[in-house]
Every structure is written in C-alpha cells, then in structure tokens.
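Below: one structure, written as structure tokens.
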Amino acid sequence: MAAATTIEALRQWLKTCPLIAGEQEATGAAFRIAGLEEDATAFSIEDSPGDPIVDTYLSGWDMAKNYLLLSRREYGETDLQNIRSSGFFEQLADWVLQQNARRQLPDLSGCGRGRTATGVFVTSTGFIVTSEAGSCRMQMQLRLAYYQPRY
C-alpha cells in the first residue's frame, strides 16, 4: 500500500535501508514520525522548514520538502567516540546516493496530486546534537525532491 503523505513515503523508503533495518532488528528500535523517544534507541523523521517550490512550469512544479532524520542511541562513557566515528550516517548517506543512482526512490503514488519522486538528497551530514548520560541524539537533514503536476 502506498503512503498517503510524503513524510510517510520517505519513512517507508528509509526503512528499506539495511542499516536502519538492521538497527531495528538488533535493538527493537522504533521508527516514528515526529516522535523520538527519550530513553531508548529509536529513529524519527520530522518536517524541517523550507520553501517547497523549487521551480515553476506551465505543467506543474518541481518541489522539495526538507526533513530531519533523528536517531537516539544508548552508549557507555567509553563508547561516545565510537558513536562519533561509527560511520552510521556516512553509510546512510552513501545508501541514499546509491538509491538515487538506481532510481529507487520513495513511492509517492498514494500521496495524491500525481506526485513523482525525482530524488532524495542529504543536505546536512549526520552529527551529534545532544549527549546526556547514557544516550545521545544524532541527526541528518534530507531533502525529498518531487514533481507535482498542476490541476
């Protein structure tokens, strides 16, 4: 079944990434929309502000929506450096690039208005936003580009 919103379509697409799927299988990590848990390993995707219209044509618009991919991870005191250098977000960025090259993009057919994904781009690489005793919050910014015909 196709997703009804672009954020859900992007979430479903990201869940096909072996890194995220592996993390979910190993830790039971949830993957929510706008709801990162405070005390467990988890993923969340959230809207990020930005002008959605990139270009205007007689037939429609090239549009883009920005999203934050958030991750909370547990760690011990000696593990913080390992988290920083683990390369999770670097590997995730590589996966996004590979999917673009293969044209394996989010399915927007259920989002209405004839939307078609044209690419997913990493606009900010992953980094630690906050760290507290026992866990840290990491994020990267993604941009979903798509075409939407006029009606």
Side-chain angles (χ1 to χ4, degrees), residues 2-24 26-27 29-38 40-57 59-75 79-132 135-150:
T5 61
T6 56
I7 195 169
E8 177 60 26
L10 186 60
R11 177 180 165 266
Q12 287 180 5
W13 180 76
L14 285 167
K15 287 175 75 171
T16 68
C17 174
L19 291 166
I20 291 175
E23 186 83 18
Q24 287 188 291
T27 66
F31 194 146
R32 293 184 169 73
I33 294 176
L36 188 63
E37 293 182 11
E38 292 297 320
T41 300
F43 296 98
S44 177
I45 188 164
E46 301 180 3
D47 283 309
S48 180
D51 184 358
I53 298 177
V54 177
D55 283 314
T56 302
Y57 306 102
S59 62
W61 302 273
D62 277 339
M63 302 186 72
K65 291 199 68 169
N66 295 315
Y67 297 103
L68 294 176
L69 174 63
L70 306 169
S71 173
R72 177 162 307 282
R73 296 170 174 263
E74 296 178 6
Y75 68 90
D79 294 335
L80 183 55
Q81 187 56 37
N82 291 338
I83 290 171
R84 286 187 178 133
S85 61
S86 70
F88 177 85
F89 281 104
E90 183 178 348
Q91 292 173 39
L92 181 58
D94 289 343
W95 181 84
V96 169
L97 291 172
Q98 290 171 359
Q99 299 312 298
N100 273 307
R102 295 176 183 145
R103 304 296 301 150
Q104 295 177 346
L105 301 169
D107 178 8
L108 304 183
S109 62
C111 298
R113 303 193 65 185
R115 294 175 178 153
T116 305
T118 57
V120 178
F121 306 96
V122 176
T123 58
S124 172
T125 58
F127 59 95
I128 294 176
V129 178
T130 60
S131 64
E132 301 163 359
S135 72
C136 67
R137 178 179 163 181
M138 304 171 75
Q139 77 177 37
M140 75 185 298
Q141 188 165 353
L142 299 170
R143 174 176 278 200
L144 170 62
Y146 59 94
Y147 176 77
Q148 179 174 309
R150 288 185 194 250

Which heavy atom in [X] sits nearest to a heavy atom in [Y], and how many Å separate them?
{"X": "L36", "Y": "R72", "result": "CD1-N, 3.8 Å"}
{"X": "A42", "Y": "A29", "result": "CA-CB, 4.0 Å"}
{"X": "S44", "Y": "I33", "result": "OG-C, 4.1 Å"}
{"X": "L68", "Y": "S48", "result": "CG-CB, 4.2 Å"}
{"X": "L105", "Y": "A117", "result": "CD1-O, 3.6 Å"}
{"X": "G119", "Y": "N100", "result": "CA-OD1, 3.2 Å"}

Taking the side chain as every heavy atom from C-beta outward, state whether [X] and [Y] have any pair of such atoms under 4.5 Å apart.
{"X": "T116", "Y": "Y146", "result": "no"}
{"X": "L142", "Y": "L14", "result": "yes"}
{"X": "I20", "Y": "L92", "result": "yes"}
{"X": "V122", "Y": "M140", "result": "yes"}
{"X": "V120", "Y": "Q99", "result": "no"}

Nearest 0.5 Å, what's the [atom1]-[atom2] distance between [X] and [Y]?
{"X": "W95", "Y": "T16", "atom1": "CH2", "atom2": "OG1", "value": "3.5 Å"}
{"X": "Y57", "Y": "D62", "atom1": "OH", "atom2": "CG", "value": "3.5 Å"}
{"X": "W61", "Y": "Q148", "atom1": "CH2", "atom2": "CD", "value": "6.0 Å"}
{"X": "E23", "Y": "F43", "atom1": "CD", "atom2": "CZ", "value": "4.5 Å"}
{"X": "M138", "Y": "L69", "atom1": "CE", "atom2": "CG", "value": "10.0 Å"}
{"X": "Q12", "Y": "F31", "atom1": "CD", "atom2": "CZ", "value": "10.5 Å"}

Salt bridge (charged side-chain N to carboxylate O under 4.0 Å, His left out) pairs touching residues 87-102, sequence neighbours excluded, are none
List for me each residue that meets side chain to side chain donor-acceptor pair (under 3.5 Å) alongside [X], sequence neighbours excluded, and say none if there are none.
{"X": "Q24", "answer": "none"}
{"X": "R11", "answer": "E8"}
{"X": "T118", "answer": "none"}
{"X": "D47", "answer": "none"}

Any side-chain to backbone donor/acceptor pair from N66 onto R143? Under 3.5 Å, distance only. no
Backbone of Q104 reached by a side-chain donor or acceptor of W13 within 3.5 Å: yes
R150: what forms a salt bridge (charged side-chain N to carboxylate O under 4.0 Å, His left out) with it, not counting sequence neighbours? none
